[in-house]
Number of protein chains: 2
Amino acid sequence: MRRVAIRFGMLAVALMLLIQLSKYSLLTRGLRDEFLIAFFAVLFVGLGVVLTKLVFKPKTKIIQSIRSEEPKPDLAKIEELGISKREYEVLEQMARGKSNLEIADKLFISESTVKTHVSNLLVKLDAKRRTQAITIAKEIKIII
Amino acid sequence: MRRVAIRFGMLAVALMLLIQLSKYSLLTRGLRDEFLIAFFAVLFVGLGVVLTKLVFKPKTKIIQSIRSEEPKPDLAKIEELGISKREYEVLEQMARGKSNLEIADKLFISESTVKTHVSNLLVKLDAKRRTQAITIAKEIKIII
DNA sequence: ATAAATTTGGTACTTTAGTATGAACGGATG
DNA sequence: CATCCGTTCATACTAAAGTACCAAATTTAT
């Protein structure tokens, strides 16, 4: 990346030197206006490069912003489907591979209640099985 | 790639033209040295900025490279766990919310065979349920 | 070619998952 | 205050998932 700038600078210098050589002999005179300008040209181009790199350097933030696009559950769609808080909690545990009994223990409710919630979720997500409910929920981004 | 070369060529030509202009231009004749230097300083700094932005612009490619990090099933881990091709096919269908019968129909085998494959997968993935197998498989990145 | 692993399939069984239905409780709302 | 909604739970049932054990055909490797 940086090499490109360096190479360009070196090439510019070499180019201008060739121009000078083609027109005048280096031996006849010392430094001349063209050479001075060329020197400053390269110098300030390099300065511009460094400045730009300093100003536009936050690449990590760009990456972060890209990555932070996904971890957002679509709250609007959750409401749209009429999924309640408790149902959503069950859905989250379900998506983590928990059984009905395990979910019941974690949420301090009976397995019957979990079954009710799961059944409601299947209807609301238009799924036949819990595995399908999970894939659908991830597709419509109501869970991550 | 080719564009960079073309732009470089064009910029080199522009640079030389500016050198020539500084020598013979009617516009710059009456101006003093300090002003001239300042003018070129700003000009070339701007040139450096433009150049850098052109050279370092491939943001889309960076994004692609970031995104292309994930869609790679860890083939090494699949072998490590001793998961066969057929078992992996079953795992893929399973992760898409398919039932054993649906998987059987899709892979042209009996439901019994699917059950065998699923059971083997549960052992190899150290899971108690298919939902857990899916989450584990995604965690260790053998499926996307 | 023989051994080893994969793939396939079956039967019989246990365990989860899911459905249907009913009921009770509390909070919010008009 | 009556009603709707969400949450809770139970029973009884059907369906699907998963286990265990066995067996044969096929592929792959040695």
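Lettering follows sequence order; numbering is per chain, from 1.
- Here B:Ser110 lies in heavy-atom contact (under 4.0 Å) with sugar-phosphate atoms only.
- Residue A:Ser119 has its side chain nearest to C:dG18 when only C:dT8, D:dT8, C:dG18 are considered.
- Residue B:Leu107 contributes atom CG, which lies 8 Å from atom P of C:dT8 at whole-angstrom precision.
- Across C:dA17, C:dT7, D:dT7, the shortest atom-to-atom separation from the side chain of A:His117 is found for D:dT7.
- Protein atom CG of A:Leu122 is 13 Å distant from nucleotide atom P of D:dA16, rounded to whole Å.
- Minimum atom distance to the side chain of B:Ile109 is reached by C:dG9, of the listed D:dG18, D:dC9, C:dG9.
- Using a 3.5 Å distance cut-off with no hydrogens or angles, the side chains of A:Thr113 and A:Ser110 do pair a donor with an acceptor.
- Atoms CD (B:Glu102) and P (D:dA16) sit 10 Å apart, rounded to a whole Å.
- The CD atom of B:Gln132 sits 11 Å away from the P atom of D:dG18 (whole-angstrom rounding).
- Residue A:Ser84 is in sugar-phosphate contact alone, with no base atom involved, counting any heavy-atom pair closer than 4.0 Å across all strands shown.
- Minimum atom distance to the side chain of B:Asn100 is reached by D:dA17, of the listed C:dG18, D:dA17, C:dT7.
- Using a 4.5 Å heavy-atom threshold, the side chains of B:Pro73 and B:Ile143 count as separate.
- Counting to the nearest Å, the P atom of D:dG6 and the CD atom of A:Glu87 are 7 Å from each other.
- With respect to B:Leu122, the side-chain contact (heavy atoms from CB on, under 4.5 Å) criterion is satisfied by exactly one of B:Asp126, B:Leu125, B:Val118: B:Val118.
- With rounding to whole Å, A:Lys124 atom NZ is found 16 Å from C:dG18 atom C1'.
- Remark: B:Lys77 does not engage B:Glu80 in a salt bridge, criterion side-chain N to carboxylate O under 4.0 Å.
- Residues B:Lys138 and B:Ile134 are in side-chain contact: their nearest non-hydrogen atoms beyond the backbone lie under 4.5 Å apart.
- Using a 4.0 Å heavy-atom cutoff across all strands shown, B:Thr113 reaches at least one base atom of the nucleic acid.
- Comparing B:Phe108 and B:Gly82, the nucleotide of DNA chain C nearest to each residue sits closer to the 5' end for B:Gly82.
- In this structure a side-chain-to-backbone donor-acceptor pair under 3.5 Å is present from A:Lys124 to A:Gly82.
- Sequence order on DNA chain C of the closest nucleotides to B:Lys85 and B:Arg129 puts B:Lys85 first from the 5' end.
- Residue A:Arg130 places its side chain closer to C:dA17 than to any other of D:dA17, C:dA17, C:dT8.
- Atom pair A:Ile103:CD1 and D:dT8:C1' shows a separation of 16 Å (rounding to whole Å applied).
- When the nucleotides C:dA17, D:dT7, D:dT11 are ranked by their closest atom to the side chain of A:Ser112, D:dT11 comes out on top.
- Of all nucleotides listed (C:dT8, D:dG18, D:dT8), C:dT8 comes nearest to the side chain of B:Thr116.
- Regarding B:Leu121, its CG atom lies at a distance of 12 Å from the P atom of C:dT6, rounded to whole Å.
- Of the candidate nucleotides D:dG18, D:dT7, C:dG18, D:dT7 has the atom lying nearest to any side-chain atom of A:Arg86.
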